[in-house]
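Written below as structure tokens is the structure these notes are about.
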Protein chains: 2
Amino acid sequence: MPQPPAPRKTLGRPPRISREEVVTTARRIVDTEGVDRLTMRRLATEIGSTPMALYHHVRNKEELLVLLLDDYATRTLHRPDLPAQPRERIVVAAATIHEALAACPWIVEVLTADDLMATSALWFVEQIVDGLVECGLSPERAVHGYRAIWYYTAGEIVVRVTAARRRTDDDRPTYREQVFADLDPGELPRLAQVADHWAPLTAEDTYLDGLRALVDGLLAPR
Amino acid sequence: MPQPPAPRKTLGRPPRISREEVVTTARRIVDTEGVDRLTMRRLATEIGSTPMALYHHVRNKEELLVLLLDDYATRTLHRPDLPAQPRERIVVAAATIHEALAACPWIVEVLTADDLMATSALWFVEQIVDGLVECGLSPERAVHGYRAIWYYTAGEIVVRVTAARRRTDDDRPTYREQVFADLDPGELPRLAQVADHWAPLTAEDTYLDGLRALVDGLLAPR
DNA sequence: ACCTGAACACCGTTCAAGT
DNA sequence: ACCTGAACACCGTTCAAGT
């Protein structure tokens, strides 16, 4: 994890708040009230300081969010015993990252703010890339394979979390429901056929099935 | 596309601005100045009105963004001649959606605001679901397969667009670069091995390769 | 029915000054 | 070096009133 800008060598006014305190307090706000409520002003009052004091410890709000994800990953992403078989190792490593991130509803703001590059997540990336190489891919293709897995994983989380958010703050029919209600079976027969089951079908958690399909496809000889 | 709340039956003060004008003007702002600059206030002045007048034509800003995506899809998503072979049809349909959305840098705000359910995109969804069924999947598994493809596609766009944004507004080393510089080759040998090529490797457009792998995996007998 | 003016309750960030 | 006060330049949305 990159450290604060510069180590303290010369002396000046002693710091009243630390970067760690900033991150810890931000985490408490996010956990108890949601990301929306995390503002620099709110954080400053919570910490008993002024908005500007924060800018001595984090560059800006985006960096604060990245630090928050890093902190979350360090605390919750523990290394499991991975299977020896490389294909299974890839699947379990990816599924572990996915599970940790999916349990974290404020994640979307950060996924769209930076790549997942917390030090504690790198070990999982290593396992995936290494597993792909062990299965016969070149290092280059292995990196591309990892990226495909990451796109799939990040996409699943972004789509599902935002869908869940929409459901909670509103009872009106969603845009999607309206669209499906107006479906023309002559033009779009398959969609009309499954229209009634679309909502339950897409609510099912099929992350693992898709992940296995993707890994199988990445490893298939071509 | 869902229509405005209610048809005008009784008479009152004749409308000065229309929902269409609101969307068209919003599009112009987004195209010329970026999503960040699209605010209800800016839009109102651009249209020669007041912020509150807009709320008679769109429910709120989120609905405006969804309408904007719908408008974009209707204008740019034209149906190509698809291959007869179902597996190829799936790939081309998905790639066409991907291409249209990837060309649209403000898309992330909307992808995270709603599922892609513009009427003009439904035809592509139909092609993908139908192709999967023709290849032997049950309708249920075909819907799950489409979802996997959508997760992969949306994830690729979200990750890549946000990475590109970060690059433009900043010259300092990214968080990722710092992390890779501190890599311990003893602990993470594969990542250390590819560290120097990570940036160019991940900058490559490998959407199609990953898509083909995913489709192959979804269609493989299990 | 449609539009306006004024207000509410906020934002992130910068600047200049203090200790 | 670290912190403060005041300000800049904004937000989305609501309310009450006008035509």
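Because only heavy atoms are used, hydrogens play no part in the values below, and waters and symmetry mates are left out as well, while side chains stay in. Chain letters run A, B, ... following the sequence lines, proteins first and then strands; every chain starts at 1.
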_Show the nearest heavy-atom pair for residues L183(B) and A192(B), with the distance to one decimal._
CD2-N, 3.6 Å
Between atom [atom1] in [X] and atom [atom2] in [N], what is the gap in whole Å?
X      : N       : atom1 : atom2 : result
R19(A) : dC2(D)  : CZ    : C1'   : 16 Å
L64(A) : dT13(C) : CG    : C1'   : 14 Å
Y55(B) : dA7(C)  : OH    : C1'   : 14 Å
E63(B) : dG12(D) : CD    : C1'   : 15 Å
E21(A) : dC2(D)  : CD    : P     : 14 Å
L54(A) : dG12(C) : CG    : P     : 10 Å
N60(A) : dC11(C) : CG    : C1'   : 15 Å
K61(B) : dC11(D) : NZ    : C1'   : 8 Å

*Take R28(B) and L43(B) through the side-chain contact (heavy atoms from CB on, under 4.5 Å) test and state the conclusion after the steps.*
CA-CA 10 Å; R28(B) 195 172 65 237; L43(B) 180 53; over 6 Å; no
*Taking it one step at a time, do D209(A) and H144(B) satisfy side-chain contact (heavy atoms from CB on, under 4.5 Å)?*
CA-CA 9 Å; D209(A) 292 336; H144(B) 289 148; 5.8 Å; no
*P atom, dC8(D) versus dA9(C): distance in rounded Å?*
22 Å
*Do R27(A) and R75(A) touch side chain to side chain, with heavy atoms closer than 4.5 Å?*
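R27(A) reaches R75(A) side chain to side chain.
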*May I ask you to check whether Y207(A) and Y151(B) place their ring centers less than 6.0 Å from one another?*
no
_DNA chain C contacts made by residues 31-45 of chain B, counting heavy atoms under 4.0 Å_ =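 Going residue by residue through residues 31-45 of chain B, the ones with a heavy atom under 4.0 Å of DNA chain C turn out to be R41(B).
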At what distance, to the nearest 0.5 angstrom, does [atom1] of [X] lie from [atom2] of [Y]?
X       : Y       : atom1 : atom2 : value
T153(B) : Y146(B) : OG1   : OH    : 8.5 Å
L38(B)  : I29(B)  : CG    : CD1   : 5.5 Å
E20(A)  : H57(A)  : CD    : NE2   : 11.5 Å

What N/O pairs connect the protein and nucleotides 15-19 of chain C at under 3.5 Å? Give each pair on its own line.
{"unit_1": "dG18(C)", "atom_1": "N2", "unit_2": "R13(A)", "atom_2": "NH1", "d": "2.6"}

*Mark yes or no for whether H197(A), through its side chain, and E140(B), through its backbone, hold a donor-acceptor pair below 3.5 Å.*
no
*Would R19(A) and L67(A) count as a side-chain contact (heavy atoms from CB on, under 4.5 Å) if you check the C-alpha gap in whole Å, the side-chain angles of each, and the deciding distance to 0.1 Å?*
CA-CA 10 Å; R19(A) 174 184 254 224; L67(A) 288 173; 3.6 Å; yes
_Given R190(A), which partner from the list V143(B), I128(B), D130(B) fulfils the side-chain contact (heavy atoms from CB on, under 4.5 Å) test?_
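Going through V143(B), I128(B), D130(B) one by one, the side-chain contact (heavy atoms from CB on, under 4.5 Å) with R190(A) is satisfied by D130(B) alone.
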*Look at T50(A) and dG5(D) and indicate whether a side-chain polar atom (N or O) is within less than 4.0 Å of OP1 or OP2.*
no
*Any H57(A) side-chain nitrogen or oxygen under 4.0 Å from OP1 or OP2 of dC2(D)*: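 So the side-chain polar atoms of H57(A) never come under 4.0 Å of the phosphate oxygens OP1 or OP2 of dC2(D).
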*asked:* Test side chain to side chain donor-acceptor pair (under 3.5 Å) on H98(B) and E156(B); report intermediate values, then the result.
replied: CA-CA 9 Å; H98(B) 176 262; E156(B) 200 268 356; 2.7 Å; yes
*asked:* Closest approach to the side chain of A53(B), judged atom by atom: which nucleotide of dG12(D), dC3(C), dT13(C) is it?
replied: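 Of all the options, the side chain of A53(B) is nearest to dC3(C).
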*asked:* Output the pairing pattern of DNA chain D as a dot-bracket string, 5' first, Watson-Crick or G-U wobble with both distances under 3.5 Å, | for cross-strand pairs, [ ] for crossing pairs.
replied: ||.|||||...|||||.||
